[in-house]
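Below: one structure, written as structure tokens.
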Amino acid sequence: VARQSVVHPLPGQGEKVEQLLDELQAHYATLPGFVLGFRYRPHANPSEIGRIGVWHSSDDSNHAASDHHVVALRARLNALIHGEHIERLMDIEGKPHNLPGA
């Protein structure tokens with residue numbers, strides 16, 4: 001599964017938001033079931049910042065979302081963004097190609 005988060009930083013908070021998303025991603029990489037992840041910025045809307053994480057299973061992704069350190073980082077993140085962040089959980093269909101360790 002893939003979990004996508006999209007946020008809209010408050011004015012002047014973009015760098016801090018990027019740092020927190022990178023810190024989240026680094027922590028996710030230490031948790032069971034994490035495959036890969038990255039931060040991105042859409043061409044069509046550069047004021048958004050997103051993150052995608054790929055997990056072996058929904059259970060792995062859900063377990064990571066409830067990790068105490070993740071919850072604390074997300075609380076810090078929520079103070080730096082407009083409204084709530086958008087979360088999407090997506091089933092990966094078809095055969096993945098060129099994934100590390102696949």
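Annotation: His8, atom NE2; neighbour count of heavy atoms from other residues, nucleotides and ligands within 6.0 Å is above 12.
In this structure, OG on Ser5 lies 12.0 Å from CD1 on Ile49, to the nearest 0.5 angstrom. Distance CZ/Arg76 to CD/Gln19: 9.0 Å, rounded to 0.5 Å.
Contact between Ala44 and Pro46 at its shortest, heavy atoms only, is C-CD, 3.8 Å. Closest non-hydrogen pair, Pro9 versus Ser47, comes out as CD-O, 3.2 Å. Shortest non-hydrogen contact noted between Ser61 and Leu89 is OG-CD1, 3.9 Å. Pairing each heavy atom of Leu31 with each of Ala64, the nearest pair is CD1-CB, 3.7 Å. The two residues Ile52 and Ala2 come nearest to each other via the heavy atoms CG2-CB, 4.4 Å.
Between Arg39 and Gln25, every side-chain heavy-atom pair lies at or beyond the 4.5 Å cut-off. Residues Arg51 and His85 are not in side-chain contact: their nearest non-hydrogen atoms beyond the backbone lie 4.5 Å or more apart. With a 4.5 Å cut-off on side-chain heavy atoms, Leu77 and Ile81 count as touching. The closest side-chain heavy-atom distance from His27 to Phe34 is not below 4.5 Å. For the pair Tyr40 and Val6, the minimum side-chain heavy-atom distance is below 4.5 Å. Contact check for Trp55 versus His63: no side-chain heavy atoms found under the 4.5 Å cut-off.
The hydrophobic clustering, which links ILVMFWY residues whose side-chain heavy atoms are closer than 4.5 Å, places Leu80 and Leu24 together. A single hydrophobic cluster is seen to contain both Leu21 and Val70, as judged by linkage of ILVMFWY side chains at heavy-atom distances under 4.5 Å, directly or through other members. Val54 and Val1 fall into different hydrophobic clusters, where Ile, Leu, Val, Met, Phe, Trp and Tyr side chains are chained together by heavy-atom contacts under 4.5 Å.
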Kindly determine whether Glu48 and Val7 satisfy side chain to side chain contact (heavy atoms under 4.5 Å, CB included), including the steps that lead there.
CA-CA 6 Å; Glu48 287 183 353; Val7 297; over 6 Å; no

Kindly determine whether Glu18 and Arg41 satisfy side chain to side chain contact (heavy atoms under 4.5 Å, CB included), including the steps that lead there.
CA-CA 10 Å; Glu18 289 173 355; Arg41 189 178 298 267; 2.3 Å; yes

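Taking Glu87 as the reference, Arg3, Arg74 meet the salt bridge (Lys or Arg N to Asp or Glu O under 4.0 Å) condition, with sequence neighbours excluded.
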